[in-house]
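In what follows, a single structure is set out as structure tokens and then discussed.
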Amino acid sequence: MKSRMQRIWRRGWVVSVAFVTIFMLGAFDSGDIASAQTPDSSATAKPQAPQPTHGQSLAGTWSGSLKAGDNVLHFVLHIGVTEYGVAVATIDSLDQGVYGIEAGSLKEAGSSFQFDIPSVNATFAGTVAANRESIDGTWSQGGAHLPLVFHRQPRIALSKSPTGAISTAEGTWQGAIEANGMRYRLQLHISHDAQGHLVATMDSIDQGINGFHASQATETDSQIHLELPTVRSTYDGTVNSVRNSMTGTWRQNGEPTELTFHRSDQILELRRPQNPKKPYPYEEEELTFTNAKAGTTLAATLTVPRGAGPFPAAILLAGSGPLDRDEADGGHKPFFVLADHLTRRGIAVLRYDKRGIGKSTGSYDDATTADFASDAEAALAFLQTRKGINPRKIGIIGHSEGGIIASMISSRSANVDWIAVLAGPATKGEETLLIQSDLITRAAGMNNEQVAKSLDFDRQSYNLVRNEKNRDALEKDLANLVQVSGIGPAMPPAFVQRQIHWTSSPWFRYFLDYDPVPALQQTKCPVLALSGERDLQVPPKENLPLIQKALEEGGNKDFKVIELPGLNHEFQHCYMGLPAESRAIEETFAPDAMKTLSDWILQHTAS
């Protein structure tokens, strides 16, 4: 019998899961990191000195009002800084009920500050006041240029209803549905419109989807009733006497579960128990290396066991999407966890931010898998020069798309001692996407007719990608297809635009027709291929036999193909393998999977 958590979440998020599948967000591991550009790093392979970071001095919460004709839109800008010192930002449009729109290309130079909002084709450029308390600038969108001033807001805990509220429930609330090792965090926003009617939206933090609108939001004597048809859910709660807690029942597809919200603008903390804590029993160094051919500088972390060495080493290659050196996504940092495990076992590890991401230079948006392979070859060349690293015992560990890249490089380089392909596809790009779409939509509860419509939409979008070479025209065609299909109105506009932009990218064009088999056939070094039994994104049933066949046909004499029970695409113990589960699972990387990997590497690097 399925758990309550499975029953609740399997059926309720069908629309969002199908849309994510169609537009490739779940095709491998596309992350949610804002692609903020940073200044050029040193081209020499040496530890990085502290550098100014775009937007870092502006970290905090800012509010501003934009007058557009007779309407006034109230914005809240949230600027944060990652642990690597890179600024990231989101913006909320309170009057439109849309929250967490990603900002990109944050740049701060002296008193100048700017960013863009790709999902709505908008930009902001302004001047920061000397006291760093306001930013006076211009919002540009659709040919219009409107004045907009952001003011820094003090960080306060929202313990009562906001000023001007007509309901005890108005404000921002945080809650979570928890069961069986999974935790879905929800953020609820309640306000009122010009007619005095309550309006509400909800964000599913761990599914990365914001702005689900409540078709009904009512209050009677502190009793709150919400209806969210997009996710087939209702919520009935009671606000306590001091107005800082709301206790009630969430019903999704008729399944009830207790859910308590607390008034706060602070999202509930993630639980990631596997993240390593300092001090580490090994050496850690931040550095840069260059890809001279591409003109990129890659920012990296190298972890090396203590001792004389030389040590065997691994290069970690992330899956698809704008991912940093930790392959951070949904609060998980699998490469951080994996690098710690490997280094503790005597294996040096190099991991780096993709080009255009984090502290690495270059353009992510214009890059294809082949470009990322070029960066990985530069990483290999760099690591061979490092003191303490055995240049004859350097291997590559590639996750998902990184597995494709690992075989690309090993098929044409004698300097790769071994490769480990983690959830790497062996089917052609289009076939990978169609299989994935079929499996995920069925697992999400769609019937045969719905699945068929989803796959038909996929094929139509792929044909558009192949036939329309102009990216702007392609995005218009994709937007029209979304509207004709009826998907558009069910999803937040920012989410739709992000997926359209992803589908029109050079990466997507390249991947759609790429066949991994020839490179696998030409790979002669030892190969370990691992896959999770419940991987719906690169399923083992379709891919592991192809990997084995390709290696056999190519004459490879040293390879191992293993399907690991109970694991998903991210190598977490899971329930169904749906991409939406990953963020809600507290485990980052299954210990048994890491041990299988490190045991194999040590066997192949022993003196």
Side-chain angles (χ1 to χ4, degrees), residues 44-48 274-291 298-318 324-327 333-353 375-399 402-403 405-407 409-410 413-422 523-528 530 558-560 571 589 591-607:
T44 58
K46 61 183 181 181
Q48 291 178 322
Q274 286 182 291
N275 283 353
K277 303 292 190 300
K278 292 184 177 181
Y280 307 135
Y282 48 80
E283 303 300 326
E284 181 185 55
E285 179 183 357
E286 285 196 40
L287 47 83
T288 62
F289 61 91
T290 60
N291 179 351
L298 291 309
T301 298
L302 177 65
T303 52
V304 182
R306 289 177 181 159
F311 298 101
I315 300 169
L316 303 188
L317 302 183
D324 66 9
R325 70 194 74 185
D326 293 332
E327 205 184 32
K333 299 179 179 181
F335 278 7
F336 180 33
V337 173
L338 179 57
D340 176 81
H341 169 84
L342 295 174
T343 312
R344 288 172 185 266
R345 297 208 66 188
I347 303 163
V349 178
L350 180 71
R351 63 191 199 273
Y352 58 92
D353 300 335
D375 290 339
E377 287 175 316
L380 176 63
F382 162 72
L383 203 53
Q384 288 179 309
T385 69
R386 287 288 300 192
K387 183 180 179 180
I389 302 298
N390 188 332
R392 295 183 300 277
K393 295 186 180 298
I394 299 174
I396 299 174
I397 301 173
H399 177 226
I405 295 171
S407 59
I409 297 172
S410 61
S413 173
N415 295 323
V416 180
D417 187 52
W418 52 267
I419 65 170
V421 177
L422 309 184
T523 296
K524 307 303 181 183
C525 67
V527 177
L528 173 66
L530 296 181
D558 188 353
F559 66 86
K560 195 168 188 178
F571 291 88
F589 208 122
D592 50 335
M594 290 192 290
K595 186 176 185 303
T596 298
L597 174 60
S598 58
D599 283 349
W600 184 87
I601 294 172
L602 291 173
Q603 290 171 4
H604 285 79
T605 56
S607 298

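Values in this document were obtained by computation on a predicted structure and should not be read as measured data.
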Over all heavy atoms of both residues, which pair between [X] and [Y] is shortest? Give the atoms and the distance, please.
X	Y	value
Pro526	Asp417	CD-O, 3.2 Å
Tyr352	Ala379	CE2-CB, 3.8 Å
Ala314	Trp418	CB-CH2, 3.8 Å
Val421	Gly403	CG1-CA, 4.0 Å
Thr288	Ala299	CG2-CA, 4.3 Å
Pro310	Asn390	CB-N, 3.6 Å

Of all residues at least two apart in sequence or in a different chain, which pass the ring-ring contact (aromatic ring centres under 6.0 Å, His included) check with Phe589? Phe571
What verdict does the side chain to side chain contact (heavy atoms under 4.5 Å, CB included) test give for Leu342 and Ile397, after you've listed the backbone C-alpha separation in whole Å, the side-chain angles of each residue and the deciding distance to 0.1 Å? CA-CA 11 Å; Leu342 295 174; Ile397 301 173; 3.7 Å; yes
More than 12 non-hydrogen atoms from neighbouring residues, nucleotides or ligands closer than 6.0 Å to CZ on Arg392, yes or no? no
Mark yes when over 12 heavy atoms from residues, nucleotides or ligands other than Lys278 sit less than 6.0 Å from its NZ; otherwise mark no. no
Taking atom [atom1] of [X] and atom [atom2] of [Y], what is their separation to the nearest 0.5 Å?
X	Y	atom1	atom2	answer
Asp592	Asp599	CG	CG	11.0 Å
Met594	Thr596	CE	OG1	10.5 Å
Ile394	Ile315	CD1	CD1	6.0 Å
Ile396	Ile405	CD1	CD1	9.5 Å
Thr301	Asp326	OG1	CG	7.0 Å
Asp353	Glu327	CG	CD	12.5 Å

side-chain contact (heavy atoms from CB on, under 4.5 Å) with Lys560: which residues, sequence neighbours excluded? Leu528, Ile562, Trp600
Kindly write out the residues that satisfy side-chain contact (heavy atoms from CB on, under 4.5 Å) with Arg344, not counting sequence neighbours, or none if the list is empty. Pro281, Tyr282, Asp340
Kindly say whether Ile409 contributes a backbone atom to a donor-acceptor pair with the side chain of Ser413 at under 3.5 angstrom? no
Are any side-chain N or O atoms of Arg325 and backbone N or O atoms of Ala300, one a donor and one an acceptor, separated by less than 3.5 Å? yes
Does Ser598 reach the side chain of His341, with side-chain heavy atoms less than 4.5 Å apart? yes
Beyond-backbone contact of Leu350 with Leu287, side-chain heavy atoms, under 4.5 angstrom: yes
Just do the side chain to side chain contact (heavy atoms under 4.5 Å, CB included) check on His604 and Asp558 with the steps written out, would you? CA-CA 10 Å; His604 285 79; Asp558 188 353; 3.1 Å; yes
Do Thr523 and Ser410 have a side chain donor and acceptor closer than 3.5 Å? yes
Partner of Phe336 under side-chain contact (heavy atoms from CB on, under 4.5 Å), chosen from Asp324, Asn275, Leu316, Thr303: Asn275
For Phe382 and Phe289, take the angle between the two ring planes, folded into 0 to 90°, and tell me which bin it lands in: parallel under 30, tilted 30 to 60, perpendicular over 60. parallel
Start with the C-alpha distance between Leu383 and Leu302, add both sets of side-chain angles, then the distance that settles side chain to side chain contact (heavy atoms under 4.5 Å, CB included), and finish with yes or no. CA-CA 9 Å; Leu383 203 53; Leu302 177 65; 4.0 Å; yes
